[in-house]
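The structure appears right after this line, and notes come after that.
Here is the naming used below: chain letters follow the sequence lines, and residue numbers restart at 1 for every chain. Treat the numbers as computed from the prediction; the structure is a model and nothing was measured.
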There are 2 protein chains.
Amino acid sequence: MSLDKVKSLHFDVFGTVVDWRSSVISELQKFGKDKGIEADWSQFTDDWRSLYQPSMDAVRKGDREWRPLDTLHRESLITLISRHNISGLNEEEIDHLNKAWHRLNPWPDTVEGLTRLRTKYILATLSNGNVSLLVNMAKNAGLPWDAVLGAEPNQAYKPLPRCYLGNASYLDLEPHECMLVAAHNDDLAAARTLGYRTAFICRPTEYGPNQVNDKNAESDWDIVTTSMTDVADALGC
Amino acid sequence: MSLDKVKSLHFDVFGTVVDWRSSVISELQKFGKDKGIEADWSQFTDDWRSLYQPSMDAVRKGDREWRPLDTLHRESLITLISRHNISGLNEEEIDHLNKAWHRLNPWPDTVEGLTRLRTKYILATLSNGNVSLLVNMAKNAGLPWDAVLGAEPNQAYKPLPRCYLGNASYLDLEPHECMLVAAHNDDLAAARTLGYRTAFICRPTEYGPNQVNDKNAESDWDIVTTSMTDVADALGC
């Protein structure tokens with residue numbers, strides 16, 4: 001089936017566009033060094049990410065009213081500060097650490113790939129990150145979005161259908177005119193069910209050297225690649 | 001009072017950033033010529049704009065559920081096609097005309113001014129235009145927004161407070177960290193009441209040669225200028 005009808009590309013961000021793990025580890029290590037705090041910051045980062053999906057569940061189920069990801073990240077951070085026996089941090093320091101997620105670095109191929117793709121398509125975020133997180137990240141990293149959308153403007157965390165369908169609606173497009181670009185098979189599966197076209201970028205070190213999931217395409221996604229520039233090649237940009 | 005705390009600039013778009021009147025007249029004239037339809041297209045454009053505020057009223061009051069501006073514009077367009085005794089247009093042609101609002105041209109100072117302002121501030125739309133309208137306009141006109149916000153993501157048309165407060169909230173900022181840039185005194189007054197800082201750009205020909213309103217600053221706005229580049233000068237960009 002042709003991809004000629006695709007008018008907009010929607011991007012998962014954490015892992016697909018930015019290398020959250022090395023970025024957060026680096027931020028935490030620097031903070032620890034500056035403050036004289038010893039901890040296993042790689043483990044701390046992996047623990048923080050492991051609380052990411054569970055933290056959204058109560059909101060997804062409607063047991064809790066809408067909260068932006070910054071709030072959920074901060075709650076997890078406070079849990080982990082205690083669990084890792086770190087003490088003496090003030091509110092400002094905790095806020096600074098929490099905003100490490102606003103300062104994530106792109107993968108080396110990201111900015112070139114997005115810049116090429118933007119010449120032909122509308123580029124939108126389709127992330128669980130909140131708008132301020134994504135806007136600050138884009139300013140820091142030079143990510144050329146046309147629209148910062150996703151969970152917050154749709155008041156629904158992925159993989160709830162409203163998040164994907166709402167993004168299409170904001171752009172006044174049908175789902176088949178949208179393509180999700182993601183490093184995660186489950187995200188692509190949710191999008192495809194709703195009519196989105198799909199592009200998988202394999203990011204085999206997103207979760208570090210011992211990554212288990214998403215090391216291969218688990219379905220016949222429309223595009224299967226290993227970089228954003230390869231997505232641009234595949235779409236003739 | 002210092003403007004040092006301002007972190008983001010929020011822009012009224014129709015009239016402030018783009019010259020809607022000459023753009024729409026030009027689109028309509030071209031369409032009329034191509035289709036052999038005679039009409040007073042300047043009057044048609046002014047009539048279309050005169051239905052703009054009334055068309056939002058039922059939504060503002062809650063008598064009608066949320067509708068994006070494209071829908072309201074199209075309803076007004078159909079009313080005016082009949083009133084101007086134009087016949088024979090098909091749905092596709094009506095859609096094309098309605099999307100003239102997606103193809104508005106910037107004022108000559110706009111792109112340079114925004115580009116300079118973006119080096120120091122987060123730039124967001126605070127328009128009653130819907131997201132697809134604003135995104136398509138930005139792609140066409142080269143407007144360098146960091147975030148396309150405003151009425152639709154806040155489900156509230158200006159001057160309802162939720163539109164201004166929601167924009168600040170999306171960026172995780174307090175109202176006093178936001179400045180509205182607008183060519184309309186009433187918009188600035190609504191924003192100031194909520195804590196926004198204010199910049200007035202006088203656009204004395206927005207409504208054509210016989211414009212009555214907004215030819216002068218009607219209050220002591222923080223910045224009073226006649227161009228976007230002057231706003232950049234005033235903010236040291």
Side-chain angles (χ1 to χ4, degrees), chain A residues 7-10 66-74 95 98-99 101-102 115 117-127 129-156 163 166-174 177-178, chain B residues 7-10 66-74 95 98-99 101-102 115 117-127 129-156 163 166-174 177-178:
Chain A
K7 292 180 179 166
S8 67
L9 305 180
H10 299 245
W66 176 259
R67 291 286 185 287
L69 188 63
D70 271 352
T71 302
L72 305 179
H73 267 157
R74 199 177 193 282
D95 282 338
N98 198 45
K99 291 198 172 164
W101 296 92
H102 294 218
T115 302
L117 289 165
R118 198 185 186 200
T119 60
K120 190 168 162 187
Y121 298 98
I122 293 168
L123 307 190
T125 57
L126 209 178
S127 168
N130 44 289
V131 170
S132 67
L133 182 158
L134 295 167
V135 167
N136 290 334
M137 179 198 290
K139 295 282 268 192
N140 268 317
L143 307 177
W145 304 127
D146 292 302
V148 174
L149 299 171
E152 192 181 22
N154 292 303
Q155 300 274 294
C163 192
N167 256 42
S169 174
Y170 271 122
L171 297 180
D172 195 22
L173 296 175
E174 297 297 323
E177 297 173 307
C178 303
Chain B
K7 292 180 180 166
S8 67
L9 306 180
H10 299 245
W66 176 259
R67 291 287 185 286
L69 189 62
D70 271 352
T71 302
L72 306 179
H73 267 156
R74 200 178 192 282
D95 282 339
N98 198 45
K99 291 199 173 166
W101 296 93
H102 293 218
T115 302
L117 289 165
R118 198 186 186 199
T119 60
K120 190 168 162 186
Y121 297 98
I122 294 169
L123 307 191
T125 56
L126 208 178
S127 168
N130 44 289
V131 170
S132 67
L133 182 159
L134 295 166
V135 167
N136 291 334
M137 179 198 289
K139 295 282 269 193
N140 269 317
L143 308 176
W145 305 125
D146 292 303
V148 174
L149 299 172
E152 192 182 21
N154 293 304
Q155 300 275 294
C163 192
N167 255 41
S169 174
Y170 271 123
L171 297 180
D172 195 23
L173 296 175
E174 297 296 323
E177 296 172 308
C178 302

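Of the two parts of B:N130, neither the backbone nor the side chain holds a non-hydrogen atom closer than 4.5 Å to a non-hydrogen atom of chain A. Heavy atoms closer than 4.5 Å to chain A are found nowhere in B:N154, neither backbone nor side chain. Contact annotation for B:K7: neither backbone nor side-chain heavy atoms come within less than 4.5 Å of a heavy atom of chain A.
Between chain A and the options B:L173, B:D70, B:D172, heavy-atom pairs under 4.5 Å are most frequent for B:D172. When each of B:L143, B:D146, B:L133 is scored by its heavy-atom pairs under 4.5 Å with chain A, the top score falls to B:D146.
With respect to A:Y170, the side-chain contact (heavy atoms from CB on, under 4.5 Å) criterion is satisfied by exactly one of B:P153, B:S132, B:P68: B:P153.
B:I122 places a side-chain heavy atom less than 4.5 Å from the side chain of A:V135.
Of the possible donor and acceptor atoms, one in the side chain of A:K139 sits under 3.5 Å from a partner among the backbone N and O of B:R118.
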